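The block underneath contains the structure these notes are about, expressed in structure tokens.
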Amino acid sequence: MRMRALRAAAAALLMTVAVAACSENQSPGESGGDGGTTAAVNFGVGVDPAYSPIYLADQENLFDRAGLDVTVTQYQEGTGGLDAILAKQGQITASTESSLLNRATRGDIKGLAVFSQSPSFIKLVARSGITDVAGIKKYGVVPGTVNEYATNKVLDSRGISRDSVEFVNASPAEMPALLQRGDVDGYIMWEPWPSRGVANGGQVLLTSGEIGYVYNLVIGVDGAWYEANKETAKKVVDTIGQACEQLTADPAKAGTVTETAIKVPAAEAQTLLEGVQCQVRDFTDEDIQRYTEIAQFQQDSGIVNQKADAATVMVRGVA
């Protein structure tokens, strides 16, 4: 197993020194492409149970068995792997569709397949004493992530203006403590952060499915690297598909590999993943339509200057 855990704030600097030799992006025509030896792949992931199929593929040597040279790198946020691609220090990553679309406006990033989705993995948790969305006046926000998009969906679902509430920017790991101190009244986040908020006295008010949002986790890739290494990229996607099949057949494995990777207790991780569908699949017309809406929201909210073209960013036919 080859896994490195990096703090998001220092990840880019550390990776420049530590993994430049094995993870430098190849452009078309360079050695390491599909026509030569197997390309070295730096695969960036976040630190929550939703990344369990990548954890499993790494820990049980599925990448090696597929003839792949993959190093899995952990980041505090799922956007870390996308930023590594933009910095030419990574080739493949896993992130929400929202984060991928955001970063695709800054560089050549493509989506290859969906590998996880759920209407209940993302939850809105509020601090003690708040029993209704209307009572949340300060929202914890991780700018440019699915959290920001989902926060907007919450407000729209209740007819609440963005101008009438305050947004407090912080990392996912900071949210439970901010909630406990009253620095934020609530946040809508992926697990395990809602459960951590509940442990600090908060309560879940709703899930993303209740506001019409089923999140997708997407396998993303450096676009230029993909053009030179399509066979390798396809093998990575297929390997994640095999990992999902194993987790579907034996859900307890998700807890075990998550505990090893990020120290979340196995039983807790397995519980958090209930209702999550782990399956590698191609993008659908409905996906592209929803992604287009997300991209439009990002532009309308000033998150990006120019929205991403979802139909171009997402490469169909790989899965």
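Only heavy atoms go into these numbers, but all of them, side chains included; no hydrogens, no water, no symmetry mates. Fair warning: this is a prediction, and the values are worked out from it, not measured in the lab.
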Q. F115 vs Y51 aromatic rings, parallel, tilted or perpendicular, using cut-offs 30° and 60°?
A. tilted

Q | Pair K138 + D183, salt bridge at N-O below 4.0 Å | A | no

Q.
Between K153 and D156 (salt bridge meaning N to carboxylate O under 4.0 Å), is one present in this structure?
A. no

**Q.** Beyond-backbone contact of I92 with W225, side-chain heavy atoms, under 4.5 angstrom
**A.** yes

Q: Sorted by first residue and then second, give each salt bridge (Lys or Arg N to Asp or Glu O under 4.0 Å) pair with at least one member in residues 190-217; sequence neighbours left out.
A: K123-E191, R196-E268

(Q) Using side-chain heavy atoms (C-beta onward) and a distance below 4.5 Å, is Y139 in contact with V154? (A) yes

**Q.** Non-hydrogen side-chain atoms of L124 and V204 separated by less than 4.5 Å
**A.** no

Q. Is a side-chain N or O of E174 found less than 3.5 angstrom from the main chain of N169, in a donor-acceptor match?
A. no

**Q.** Cationic N near anionic O, under 4.0 Å, K110 to D222
**A.** no

Q.
With heavy-atom distances below 4.5 Å as the criterion, would you say the side chains of Y226 and V315 are in contact?
A. yes

Q. Is the shortest heavy-atom distance from the side chain of Y75 to the side chain of V47 under 4.5 Å?
A. no

Q) Judged by atom type as modelled, is there a donor-acceptor pair below 3.5 Å linking the side chain of N42 to the main-chain atoms of Q91? A) no

Q: Any side-chain hydrogen bond (donor to acceptor under 3.5 Å, both in side chains) involving residues 127-137? Give me the pairs, sequence neighbours left out, ordered by first then second residue.
A: R127-D185

Q. What pairs meet the salt bridge (Lys or Arg N to Asp or Glu O under 4.0 Å) rule with one or both residues in residues 309-319, with sequence neighbours excluded?
A. D285-R316

